[in-house]
Number of protein chains: 2
Amino acid sequence: MKLTTKGRYAVTAMLDLALHGGEGPVSLADISARQEISLSYLEQLFSRLRRQKLVISIRGPGGGYRLSRPAADLYIAEVVDAVSESLDTTRCGNKGDCQNGEKCLTHHLWSDLSDQIHQFLSEISLGDLMRKHEIRQVADRQNRLQSDNGSETINTERLSDQAPA
Amino acid sequence: MKLTTKGRYAVTAMLDLALHGGEGPVSLADISARQEISLSYLEQLFSRLRRQKLVISIRGPGGGYRLSRPAADLYIAEVVDAVSESLDTTRCGNKGDCQNGEKCLTHHLWSDLSDQIHQFLSEISLGDLMRKHEIRQVADRQNRLQSDNGSETINTERLSDQAPA
DNA sequence: GGATTAACCAACTATTTCAGTCAAGTATTC
DNA sequence: GAATACTTGACTGAAATAGTTGGTTAATCC
């Protein structure tokens, strides 16, 4: 498991797809415009997302991409994995033949940690984020309408509130 | 929050420090030899760890580094943060003046996700890892002594077992 | 059928980060 | 004062990240 901006781009794009995919395919050009990610970079990312069967492509005019499954069944970990192609964390190839066992232990500790984060992201779906997003969008709009003074109430409840058990 | 090999090196080194720091300061040369991390790279990492006050340096012969606090009070998130200098996740500088609010929302979602991982790593201390390490070391030794046939029982229980609530 | 749309693909470039090296310090102890 | 070991900064090669260019292929619209 590796967490970099690349994964963030992928999750953002997938979320955009989930949010705007209600009325047919979404083109990368649209996502690029909305999320300000370069089109060519999106192509690279979606090439992987497609090969991992997270999205379905529709060619030709009016074409674009669709989620391969309902957003509630698409998990963040899948998206991150699809684009970052998790590297070997052990250096010794996980063969267990490290020098007198000592080195490999710390390696395994890190690998366990990494597994836990993976597990964690496997329990959050795009649907979960969407719901939060919608709530938030509504909340923000309400805030903007209600209080146009400079009070700046960014009081949207945190994602942490519905953290997976 | 960014998770790369850099953070792994730092955690590994700090864990080594925690494990061998019982009888006085530990030199980077020792850590370098045990963990097979280049001395110069360790110097870079410890320069940051020291500035973040996670370790204390003792100069001169017999010198080295010590943890600034008991291992049970030093959390993984601190170590990772110290060396990876978490980059801006929002691009817009978190000012909230993104284009019609839309872009920033997805950014915030990711930032929340990142916060949760951070939170998660903030609940695991070096002490926790040490305990696991010791248990493991004993278990491995037992395995090695008991079954010297090729059965290869890598049945050490996972870190997940004592995941923080 | 031809123009348009948009996915697909490959090679190439610039920038940044990672990982490591080198060299010249400074403080401490023996 | 010599040895030890931390401290700092500049520098390097390799890899990953981010973006570009220039095409090809499939589907649709006119």
Side-chain angles (χ1 to χ4, degrees), chain A residues 1-13 17 20-21 24-33 35-68 80 82-89 91, chain B residues 1-13 17 20-21 24-33 35-68 80 82-89 91:
Chain A
M1 189 95 227
K2 212 170 48 168
L3 275 188
T4 63
T5 50
K6 195 173 193 174
R8 191 184 82 217
Y9 278 128
V11 171
T12 302
L17 196 51
H20 296 91
V26 179
S27 74
L28 292 189
D30 286 354
I31 300 178
S32 172
Q35 305 303 332
E36 293 193 352
I37 306 170
S38 92
L39 180 57
S40 327
Y41 197 44
L42 278 177
E43 281 176 355
Q44 279 180 44
L45 297 178
F46 273 77
S47 170
R48 294 193 184 212
L49 292 171
R50 194 178 63 90
R51 262 175 276 166
Q52 298 295 319
K53 303 206 192 308
L54 298 182
V55 295
I56 292 168
S57 66
I58 295 103
R59 304 177 79 150
Y65 287 92
R66 266 182 18 215
L67 298 180
S68 66
V80 175
V83 298
S84 50
E85 214 83 60
S86 75
L87 268 287
D88 58 327
T89 48
R91 174 195 297 199
Chain B
M1 190 94 228
K2 212 169 49 167
L3 277 188
T4 65
T5 50
K6 196 172 193 174
R8 191 185 82 217
Y9 279 127
V11 171
T12 301
L17 194 52
H20 296 92
V26 179
S27 73
L28 293 190
D30 287 354
I31 299 178
S32 171
Q35 305 302 332
E36 295 192 350
I37 304 169
S38 94
L39 179 58
S40 324
Y41 197 44
L42 280 176
E43 282 173 353
Q44 277 181 44
L45 297 178
F46 273 78
S47 170
R48 295 194 182 210
L49 292 171
R50 194 181 64 90
R51 261 175 278 166
Q52 298 297 318
K53 302 204 192 309
L54 299 181
V55 296
I56 292 167
S57 66
I58 296 103
R59 304 177 79 150
Y65 287 94
R66 264 182 21 215
L67 298 180
S68 65
V80 175
V83 298
S84 50
E85 212 81 59
S86 75
L87 269 285
D88 59 328
T89 49
R91 174 195 297 199

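Naming: A, B, ... by sequence-line order, numbering from 1 per chain.
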Open item on the list: To check you understand the geometry: which heavy-atom pair defines the closest contact between B:Gly64 and B:Pro25, and what is its length?
Closed with: N-CB, 3.7 Å
Open item on the list: Output the rounded distance in Å from CG (B:Leu3) to C1' (D:dA16).
Closed with: 16 Å
TODO: Assign B:Leu28 to base, sugar-phosphate, or nothing according to its heavy-atom contacts below 4.0 angstrom with the strands shown.
DONE: sugar-phosphate
Open item on the list: Nearest whole Å is fine: how far is C:dA6 C1' from A:Ile56 CD1?
Closed with: 17 Å
Task: Among B:Ile58, B:Val55, B:Ile31, side chain to side chain contact (heavy atoms under 4.5 Å, CB included) partner for B:Tyr65 - done: B:Val55
Task: Separation between CG of A:Leu28 and CD of A:Glu43, rounded to the nearest 0.5 Å - done: 6.5 Å
- [ ] Can you tell me the distance, in whole Å, between the CD atom of A:Gln35 and the C1' atom of D:dG19?
- [x] 17 Å
Open item on the list: Rounded to whole Å, how long is the line connecting atom CD of B:Gln44 with atom P of C:dG20?
Closed with: 10 Å
- [ ] Just compare C:dA19, D:dC6, C:dT29 and give me whichever is closest to any side-chain atom of B:Ser27.
- [x] D:dC6
Open item on the list: Check the phosphate of C:dC8 against A:Tyr65, side-chain N and O only, distance under 4.0 Å to OP1 or OP2. Yes or no?
Closed with: yes
Open item on the list: To check you understand the geometry: which heavy-atom pair defines the closest contact between A:Ala10 and A:Leu45, and what is its length?
Closed with: N-CD1, 4.2 Å
Open item on the list: I want to check one thing: is the phosphate of C:dC9, taken as OP1 and OP2, less than 4.0 Å away from some side-chain N or O of A:Arg50?
Closed with: yes
TODO: Establish, with yes or no, whether the OP1 or OP2 oxygen of C:dG20 is under 4.0 angstrom from a side-chain nitrogen or oxygen of B:Tyr41.
DONE: no
Open item on the list: Given the structure, check if the side chain of A:Glu43 and the base of C:dC9 hold any donor-acceptor pair shorter than 3.5 Å.
Closed with: yes
- [ ] Scan A:Leu39 against the nucleic acid and name what it touches under 4.0 Å (heavy atoms): base, sugar-phosphate only, or nothing.
- [x] nothing
Open item on the list: I need the CG-P distance between A:Asp30 and C:dT5, as an integer number of Å.
Closed with: 13 Å
Open item on the list: Considering every strand and a 4.0 Å limit on heavy-atom distances, what is the contact class for A:Ser47: base, sugar-phosphate, or nothing?
Closed with: nothing
Open item on the list: If you go through the side-chain atoms of B:Arg59, does one of them form a donor-acceptor pair with the base of D:dT4 closer than 3.5 Å?
Closed with: no
Open item on the list: Counting the atoms with a prime plus P, OP1 and OP2 as sugar-phosphate, which does B:Ser57 contact under 4.0 Å by heavy atoms, base, sugar-phosphate, or nothing?
Closed with: sugar-phosphate
Task: Rounded distance (Å) that lies between atom P of C:dA7 and atom CG of A:Leu49 - done: 13 Å
TODO: In sequence, state the C-alpha distance, the side-chain angles, and the governing distance for B:Thr12 and B:Arg8, and then conclude on side-chain hydrogen bond (donor to acceptor under 3.5 Å, both in side chains).
DONE: CA-CA 6 Å; B:Thr12 301; B:Arg8 191 185 82 217; 5.0 Å; no
Open item on the list: From CZ of B:Arg8 over to P of C:dC18, roughly how many Å is that when rounded to an integer?
Closed with: 13 Å
- [ ] Measure from CG on A:Leu45 to P on D:dA18 and round the result to the nearest Å.
- [x] 9 Å
